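A quick write-up on the structure given underneath.
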2 protein chains.
Amino acid sequence: MSISIKDVAEKAGVSVATVSRVLSEGPVRADTKERVHAAIKALGYRPNLSARRLRTQHAQTIGLIVSDIRNPFFTAVGRGVEDAAYRAGMRVLLCNTDENVERERMYLRLMQEERVTGLILAPTLAMLDQLQKNPLQFPAVLIDRAGAGGLYDSVVLDNREAANTLVEHLFEEGYRRIGGVFGQTSATGLERRDGYCASMKARGLTPDPRLLPPTVDAGEKAMSEWLAGPDAPEAIIASNGLLLMGVVKAAQRLGRAIPSDLAVAGFDNEDWTEVVGPGLTVIEQPVHDIGRNAMSLLFDRLQNPGLAPRKVVLSGRCIVRGSTLASKPAALAENRSAPLTGAAAMNP
Amino acid sequence: MSISIKDVAEKAGVSVATVSRVLSEGPVRADTKERVHAAIKALGYRPNLSARRLRTQHAQTIGLIVSDIRNPFFTAVGRGVEDAAYRAGMRVLLCNTDENVERERMYLRLMQEERVTGLILAPTLAMLDQLQKNPLQFPAVLIDRAGAGGLYDSVVLDNREAANTLVEHLFEEGYRRIGGVFGQTSATGLERRDGYCASMKARGLTPDPRLLPPTVDAGEKAMSEWLAGPDAPEAIIASNGLLLMGVVKAAQRLGRAIPSDLAVAGFDNEDWTEVVGPGLTVIEQPVHDIGRNAMSLLFDRLQNPGLAPRKVVLSGRCIVRGSTLASKPAALAENRSAPLTGAAAMNP
DNA sequence: ACATTTTCAGAAATCGTTTTCAGACATTAC
DNA sequence: GTAATGTCTGAAAACGATTTCTGAAAATGT
């Protein structure tokens, strides 16, 4: 049994009300305040948050539900959310769903039971659908995967445009048979696929998109088969960091050189994309901004619940590296953000 | 204001006690149970966890404090913890401290205010010291960084042995001027340094260890200067995944080929270590086991608080890849866990 | 010196649960 | 038919905080 406000009151010779007032900087005489503080220190008292939350009906907690905290994109976003919440004196309840609707549902239930102040989530496709039918009881902001949205505030990347940028770049580099692997569980994956398809068609090319579970293993497996088959592409676009890793692994396993046998481009500017092979061309997402914007939308809504849903669309930045520069090696020196020598020197 | 058990009771025409009994599978007649369930569904009632925790004095919550959730080592451990907790019907409160003692202290305070059932933490050196002087009020298990330990249960890697393994391997490959970069904020970093130093001396070599903040940037900066200087090593050991990335980046930036100009070995078998350059030789930690073991120690202690502190020491596995195989290329084909062809083919 | 205001502190209600205690009713035993 | 036994249900007391209401003492005004 732990120490309660009652014990402190007793020790200090005051009522619990007074102790509470001391804790919340209420009006209390200097000398009694001192006695209370002494008692708190002597007993090592810490307020019980459950009790406080129950009484005040204020959880001071932001829920954050993501699909996979191992994905650096989400760890970075999480960091942005946490920083903002911390500054506002709020706690963050972080949950990862593993792209599993069952877990997603159970965490959503948990959020309700915790009576969270607000929620930030990156829903799977299935959940997105459900959220429109059964709206949540508390303010929520969708990140990364908002779909057409509608009911909720959201912060997303301009996925179609970003996919188009990659296709355009590959096209200009002379690639024509450009394939793509896309996460099948998120609206984001689908949007990137749509952007890719549209961009391909606009250039008179036939798109060849494949929807996959967004994991390294799925990417590697699918890509291995694809590369070994008759319809192997010259270039490939991967819709997130995990699939991108899968593509690279498959290429290596099959002995396909990047970019001469296979050009590779993808999403998410993770540390390793800079050091692998000739460097990977990627779309960098403003990860920290996404978290910060989400919190800012959320706080606005908390202050003003009547607000109409807002959608913040951020732009990605295309970082060109060696993985897409086979045909015009001259372009390399101009465009690359980091010198190539290191990468080239990696070979024994 | 949200729906409470009282509303349900009213709607179902029973007392709150009965509703509570329905929720906890207590003895209640089938037909009333049905009515209550109907009311719950109709109202969309969800129990208030704060109230429940207050009443039962059971938080059903495990605290998990790590230094940096972006570090794949901790995300993996976290996953292990969460899985085990989930199976036991417990919630996990995840906090990352950024290797910052201030944040660490505040999260520890938070854990106390949440009245967590138990705690799993990877303390900084400074915190480790404090924990010995002011023992925690609730069961705790130290992971990854237990130091000499003493008061607490802990799960750690055999760091000295692992460091020795790397030195031994490099030595056998013919390297002599072997340097090392180690995280300065954790007991683990120091232990690996000690193991490295001891192993070097045992072979008649002079160790050259450098203590750094455990970040990519710190690793890259320190390594860049080191490699550019007169005392540049032939081989380098990095004590964690972040420093390892820093080493690789520095080598690339300076145009040092791996392994012919610089052999590289490190800790943490992250995905990218397999695909970068010729593949990086690393010590793989049993990450999931660490999390699972920690939870198991914690549960034991919850059931039997009188237990003497136990220390579980796990072994790492050395995965040899191309980054340490410059002198004896023949050894490559035998030892490597993955074929090298892919990596070699990466070069344009 | 008395009335009025201000300042500070305590009693008690409250938040939403669980749980104990006791009572109501039905069932079984004789 | 009464006593003894179960089965179910409700009233009320916690859990540990905050907050309202009220009153006592102190400070102020005249």
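Convention: sequence-line order gives letters A, B, ...; per-chain numbering from 1. None of these values were measured; they are calculated from a predicted model.
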Round to a whole Å and report the spacing from [atom1] of [X] to [atom2] of [N].
{"X": "B:His58", "N": "D:dA14", "atom1": "NE2", "atom2": "C1'", "result": "17 Å"}
{"X": "A:Gln60", "N": "D:dT18", "atom1": "CD", "atom2": "P", "result": "12 Å"}
{"X": "B:Glu113", "N": "D:dT18", "atom1": "CD", "atom2": "P", "result": "11 Å"}
{"X": "B:Arg53", "N": "D:dA17", "atom1": "CZ", "atom2": "P", "result": "15 Å"}
{"X": "A:Ile5", "N": "D:dT19", "atom1": "CD1", "atom2": "P", "result": "11 Å"}
{"X": "B:Lys6", "N": "C:dA13", "atom1": "NZ", "atom2": "P", "result": "14 Å"}
{"X": "B:Leu54", "N": "D:dT18", "atom1": "CG", "atom2": "C1'", "result": "13 Å"}

| Using a cut-off of less than 4.0 Å, is there contact between a side-chain N or O of B:Gln57 and OP1 or OP2 of D:dA14? | no
| Distance test, side-chain N/O of A:Arg52 to OP1/OP2 of D:dT18, below 4.0 Å | yes
Heavy-atom closest pair, residues [X] and [Y]:
{"X": "B:Leu297", "Y": "B:Ser154", "value": "CD1-O, 3.6 Å"}
{"X": "A:Tyr45", "Y": "A:Ser4", "value": "CE1-C, 3.6 Å"}
{"X": "B:Thr185", "Y": "B:Pro214", "value": "OG1-CG, 3.5 Å"}
{"X": "A:Thr97", "Y": "A:Ser67", "value": "OG1-CA, 3.3 Å"}

| query | Is the closest basic N to carboxylate O distance between A:Lys133 and A:Asp129 below 4.0 Å? | reply | yes
| query | So, are B:Glu99 and B:Arg145 salt-bridged, with charged N and O less than 4.0 Å apart? | reply | yes
| message | I'd like to know if the side chain of B:Thr117 reaches the main chain of B:Gln60, judged simply by a donor and an acceptor atom lying under 3.5 Å from each other, with no hydrogens or angles considered. | response | yes
| query | With no hydrogens and no angle check, is any side-chain donor or acceptor of A:Thr188 less than 3.5 Å from a backbone partner on A:Ser186? | reply | no
| field | Exceeds 12 heavy-atom contacts within 6.0 angstrom, atom CD of A:Glu34 | value | no
| How is B:Ser20 classified with respect to the nucleic acid when contacts are heavy atoms under 4.0 Å: base, sugar-phosphate, or nothing? | base
| task | Using a cut-off of strictly less than 4.0 Å between a heavy atom of the residue and any atom of DNA chain C, enumerate the qualifying residues of residues 39-51 of chain B by number. | result | B:Tyr45, B:Arg46, B:Pro47, B:Asn48, B:Ala51
Taking only nitrogen or oxygen atoms into account, show me every contact under 3.5 Å that the protein makes with nucleotides 7-12 of chain D, one pair per line with its distance.
residue	atom	partner	partner atom	Å
D:dT9	OP1	B:Thr32	OG1	3.0
D:dT9	OP2	B:Arg29	N	2.9
D:dT9	OP2	B:Thr32	OG1	3.4
D:dG10	OP2	B:Ser15	N	2.9
D:dG10	OP2	B:Ser15	OG	3.2
D:dG10	OP2	B:Thr18	OG1	2.6
D:dG10	N7	B:Arg21	NH2	2.7
D:dG10	O6	B:Arg21	NH1	3.3

| message | Given the structure, check if the side chain of B:Arg55 and the base of C:dT17 hold any donor-acceptor pair shorter than 3.5 Å. | response | no
